[in-house]
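Bear in mind the structure is a predicted one, so any value in this text is a computation, not a measurement. Order of appearance sets the numbers: ligands from 1, and atoms from 1 within every ligand. Computed from heavy atoms alone, side chains included, the values below leave out hydrogens, waters and symmetry copies.
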Amino acid sequence: MSSFSSKEFSRRRQRLMELMGDNCIAILPSAEVAIRNGGTEYAYRQDSDLLYLTGFLEPHSVLVLMPGRESGEMVMFCQDRDPSMELWTGYRAGPEGACKKFGANDAFPIGDIDDILPGLLEGREKVFYAMGSNQSFDHQLMDWINQIKSKARSGAHPPHEFVSVDHVLHELRLLKSKNEQKTMKKAGQISAQAHVRAMQVCQPGMMEYELEAELLHEFVKNGARAPAYSSIVGGGANGCILHYIENNAELLDGDLVLIDAGCELDGYAADITRTFPVSGRFSDAQKALYEIVLDAQQAAFEVIRTGCHWNQPHEATVRVITAGLLELGLLKGDLDELIEKEGYRDFYMHKAGHWLGMDVHDVGDYKIGGEWRLLEPGMVMTVEPGIYVSPHNMDVDKKWRGIGIRIEDDVIVTRGDCEVMTGAVPKTIDEIEKLMAG
Ligand code: GLY
Ligand code: MN
Ligand code: MN
């Protein structure tokens with residue numbers, strides 16, 4: 001069961017329905033089950049939209065919302081109770097549980113959806129639906145609409161407008177409630193503990209996957225049963241591969257290791273990166289680049305507050321990183337010109353962050369009407385500047401090559417300074433060296 005109350009789910013549905021208006025219908029299918037190989041499935045992860053609105057974790061389910069419907073605004077379709085199947089795959093809520101525990105006004109076995117859903121669609125003006133996300137469901141929905149159209153001469157009235165449910169729902173998901181923030185802070189704490197553990201055990205000669213195992217241990221032990229994304233553990237030049245997940249190389253004395261890992265707790269992601277020396281001591285070259293990334297992150301924090309726009313933190317990191325690389329001689333030229341012409345991109349090729357929530361790269365628009373959107377209290381984002389010097393970059397001194405550094409934390413936008421949720425893992429050079437020496 002979700003740690004969110006049924007009241008919170010009900011509030012979320014009400015807000016969505018207010019935005020939809022009357023005489024509309026929203027249809028949200030569950031995520032599909034993905035086959036791993038003969039007879040086995042990937043661990044099931046519910047669709048984030050359905051999860052946000054219901055807390056319902058089972059596959060083969062569909063949520064239907066019909067604002068203003070007198071006989072009940074929420075209908076669910078789900079797997080029927082079946083003791084012989086439950087023996088194999090576990091407990092099911094069944095339609096009765098969907099009503100009693102998840103707030104549905106009516107609920108039906110998923111096998112009855114073809115008979116019932118066309119009747120619910122009939123006479124509604126607009127259908128709110130995420131077209132293109134689930135091909136087989138798209139086809140099913142078109143079949144139901146066509147069924148109604150075929151009865152038009154008998155007076156049936158098919159809906160005549162499709163609206164992307166994402167547009168309204170994802171604006172709601174973008175602003176995190178106090179309870180969501182609480183869960184995200186917990187996910188941040190568990191993930192921070194996992195990074196601390198990795199720093200504490202790291203030794204030259206270990207394999208990258210051994211550190212991955214330490215992270216997973218800390219996640220699962222604390223009730224976060226899965227990482228929010230594949231953990232990245234990149235030693236040496238592997239740290240320059242942004243989404244390196246092989247994690248199968250030896251960690252060498254003298255190299256840095258970059259770990260980008262976070263757990264998912266109760267449907268919410270954490271996303272932390274730390275970069276530290278395998279041996280516990282930074283070299284001078286590593287220190288010099290590390291300090292720039294750390295300063296860049298601090299500069300970003302300073303422009304994350306209500307009223308700043310989305311891209312300001314990124315711009316702040318670009319300025320600090322470009323100036324730092326100029327000073328160290330990795331870049332040459334004029335600061336403003338390098339920024340203007342994106343001369344830093346060989347070393348810093350990604351954005352400084354993304355929205356964070358139920359999805360690690362969470363939903364919500366970054367621009368509104370062509371302009372970067374303004375930050376508002378309750379938005380949650382990552383701040384993750386980096387410098388990556390390709391091992392093949394012959395334009396720079398050898399001592400810089402193959403150094404990859406990223407520092408990533410998760411923050412909540414407030415009216416004042418942003419609130420860092422993942423600060424429990426050290427990130428200054430002194431703090432890291434002290435922890436690793438201990
Ligand atoms: N871990 C993926 C990211 O930082 O965006
Ligand atoms: Mn991230
Ligand atoms: Mn990350």
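- Inspection of the environment of the Mn ion (ligand 2) yields the following protein N, O or S atoms under 2.8 Å: D271 OD2, H354 NE2, E384 OE2, E408 OE2.
- Other residues, nucleotides and ligands place more than 12 heavy atoms under 6.0 Å from the NE2 atom of H361.
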### Task
List the steps, then state whether salt bridge (Lys or Arg N to Asp or Glu O under 4.0 Å) holds for D409 with K427.
CA-CA 10 Å; D409 282 288; K427 65 182 165 191; 2.7 Å; yes
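- For the pair D80 and R92, the salt-bridge criterion is not met [side-chain N within less than 4.0 Å of a carboxylate O].
- Of all heavy-atom pairs spanning L256 and I405, the tightest one is CD1-CG1, 3.7 Å.
- Contact record, L258 with G239: CD1-O, 3.6 Å, taken as the closest heavy-atom pair.
- A distance below 6.0 Å separates the ring centres of F282 and Y290.
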request  = Output, in order, the C-alpha distance, side-chain angles, deciding distance and verdict of salt bridge (Lys or Arg N to Asp or Glu O under 4.0 Å) for D359 and R173.
outcome  = CA-CA 10 Å; D359 300 349; R173 277 179 54 193; 3.5 Å; yes
Kindly indicate, with the supporting measurements, whether the criterion ring-ring contact (aromatic ring centres under 6.0 Å, His included) is fulfilled by F137 and W144. CA-CA 11 Å; F137 202 88; W144 296 324; 5.6 Å; yes
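- Contacts of ligand 1 (protein heavy-atom distance under 4.0 Å) are Y229, D260, D271, H354, H361, E384, E408.
- Here the closest heavy-atom approach between residue R305 and residue E302 is recorded as NE-O, 3.5 Å.
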